[in-house]
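Encoded as structure tokens, the structure appears first; notes follow it.
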Amino acid sequence: MARNIIINGSDSFDFQVEIPADKSITHRAIIIASMCEGEIKLLNPLLADDCLSTIEVMRQLGAEIKEEGTNLIIHGRNYNNFIQPRGKLNAGNSGTLMRLISGILSMQNFTSEIFGDESLMNRPMNRISSPLAEIGCNLKTLDGKPPIKFYPSNTKKSFQYDNVLPSAQVKSCMIFAAIYLEGESIVKEKFITRDHTERLLTYLEYPIKTIGKNIHIMGQGRINAKEIKIPNDFSSAAFFIVAALIKKNSKLFMKDINFNERRTGIAKVLQKMGAKITVENKRYEANELIVDITSEYSVLSAVDVSGENISDLIDEFPILFIVCAVCKGVSNIDNIEELRYKESDRINSMEKGLNTLGIKTESTKTSIKIHGGEFNGGIVDSFGDHRVAMAFAIAALISKKPITILNTQNISTSFPNFIDLLMEIGVEVYES
Ligand code: S3P
């Protein structure tokens with residue numbers, strides 16, 4: 001994919017769009033299938049760059065992973081039989097991979113090292129290295145950032161860990177570590193975050209249970225091999241949900257979307273703003289809720305968002321900022337410091353682009369105020385952040401003049417066919 005894209009708006013549209021598979025669940029399914037003993041078929045995995053990095057890392061640890069059409073066949077190695085990778089492990093752009101796999105690499109009787117791309121090398125890893133060190137693991141970061149080096153430690157004692165950060169990656173890292181230990185470990189969450197790891201392990205009959213905000217993991221249990229069907233990604237759907245909401249006379253329908261309550265906070269916020277979003281055909285697959293979604297043009301008003309449930313929409317703030325920028329009134333969004341530690345500092349990346357397009361904002365370290373207005377068009381930088389790039393691409397549908405978005409190559413980390421889908425619904429896109 002080219003680095004820069006120019007988007008010249010679109011006519012109104014009324015279509016069904018095929019949203020790609022869920023990234024968070026695909027990462028976990030590849031890792032967990034590699035930890036079981038036996039063969040697991042993953043139906044509908046996301047084969048985007050981030051998940052390809054996960055496949056490569058698990059292969060280097062000894063799992064056999066084959067692509068069969070659009071499915072993956074994984075021969076698990078049993079989590080006790082991983083082998084020492086020949087070289088350094090490369091997590092690419094994926095913070096989820098680096099943090100989740102750290103719980104496993106910390107428990108091996110061999111040394112290993114993991115690194116990533118320029119963006120990942122600047123992201124905080126002390127959030128996982130500190131708790132892992134606290135429970136007896138032997139690992140080193142570079143001043144709290146990657147690369148991470150892992151050394152054998154022989155720790156076997158179960159633990160209780162209070163996760164005070166609103167982070168599913170930290171929680172999942174500690175769950176994976178707990179699998180290697182003797183007896184029951186407990187991870188206590190201050191903020192309840194996405195629970196895909198717990199759901200998938202439960203589906204594969206691993207002894208794990210959630211009681212209130214505490215996750216109880218019995219160590220050294222068995223992960224059973226079963227087919228896993230991966231639903232489509234609500235975070236990717238969110239871009240098209242918003243496209244229909246802000247484009248006059250438009251409507252989009254999306255099928256088989258994961259509707260995990262800890263992921264769908266933006267739907268509640270948008271409905272509060274006046275959005276017509278219909279959720280139908282609820283059913284469960286591999287212990288996850290799946291739905292079909294229709295979204296249509298709506299007159300929206302400003303909103304205030306803050307508090308405990310921020311992590312329910314943590315990845316959707318870039319696209320929510322776009323909505324706030326074109327609805328009537330001033331929106332106040334608070335308690336969002338975590339956005340500063342994503343693939344880019346998302347408060348900064350979004351604020352810079354919004355200002356360029358003619359939208360007034362005011363921000364602090366933890367908040368942003370967005371004054372509703374109109375997009376004038378212009379050149380914005382995505383700072384190599386896939387969700388920032390996609391958010392501005394959707395903004396361009398209603399911009400008075402074209403929007404050029406720089407550094408969009410990382411869209412392929414989560415949504416490889418994003419531009420194709422935009423063109424399918426009639427958006428004029430040029431690559432340069
Ligand atoms: C993810 C958790 C979130 C999210 C990220 C994916 C996951 O990160 O932003 O895109 O799959 O566990 P944090 O755990 O850092 O909040």
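Predicted model only: the values in this text are computed from it and were never measured. As the structure lists them, so they are numbered: ligands from 1, and atoms in each ligand from 1.
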If you measure every N or O of [X] against every N or O of ligand 1, does any of those distances drop under 3.5 Å?
X      : answer
Ser24  : yes
Ala168 : yes
Glu338 : no

Pull out every atom of ligand 1 sitting under 4.0 Å from any heavy atom of [X], numbered as shown with elements.
X      : answer
Thr96  : 1 (C), 6 (C), 7 (C), 11 (O)
Ile314 : 9 (O)
Pro166 : 16 (O)

Check this for me, if you would: do [X] and [Y] make a salt bridge, where the nitrogen-to-carboxylate-oxygen distance has to be below 4.0 angstrom?
X      : Y      : result
Asp256 : Arg283 : yes
Arg263 : Asp233 : yes
Asp345 : Arg340 : yes
Arg387 : Asp315 : yes
Arg346 : Asp385 : yes
Glu37  : Arg222 : no

Using heavy atoms and a threshold below 4.0 Å, how should the contact between [X] and ligand 1 be classified: side chain, backbone, both, or neither?
X      : result
Ser172 : neither
Arg194 : side chain
Lys23  : neither
His196 : neither

Task: Nearest option to atom 3 (C) of ligand 1, as decided by whichever heavy atom of Arg123, Lys342, Arg28 sits closest - done: Lys342
Open item on the list: Centroid separation under 6.0 Å, is that true for the rings of Phe253 and Phe15?
Closed with: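 Judged by ring-centre distance (under 6.0 Å), Phe15 and Phe253 do not meet the cut-off.
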- [ ] Please say whether more than 12 non-hydrogen atoms of neighbouring residues, nucleotides or ligands are located less than 6.0 Å from CG in Asp420.
- [x] yes
Open item on the list: Could you identify the single nearest non-hydrogen protein atom to atom 10 (O) of ligand 1 and state the distance to 0.1 Å?
Closed with: Asp315 OD2, 2.9 Å
- [ ] Check if Ser235 has a non-hydrogen atom at a distance under 4.0 Å from any atom of ligand 1.
- [x] no
- [ ] Please examine the side chains of Glu316 and Ser235, heavy atoms only from C-beta on, and report whether any two atoms are closer than 4.5 Å.
- [x] yes
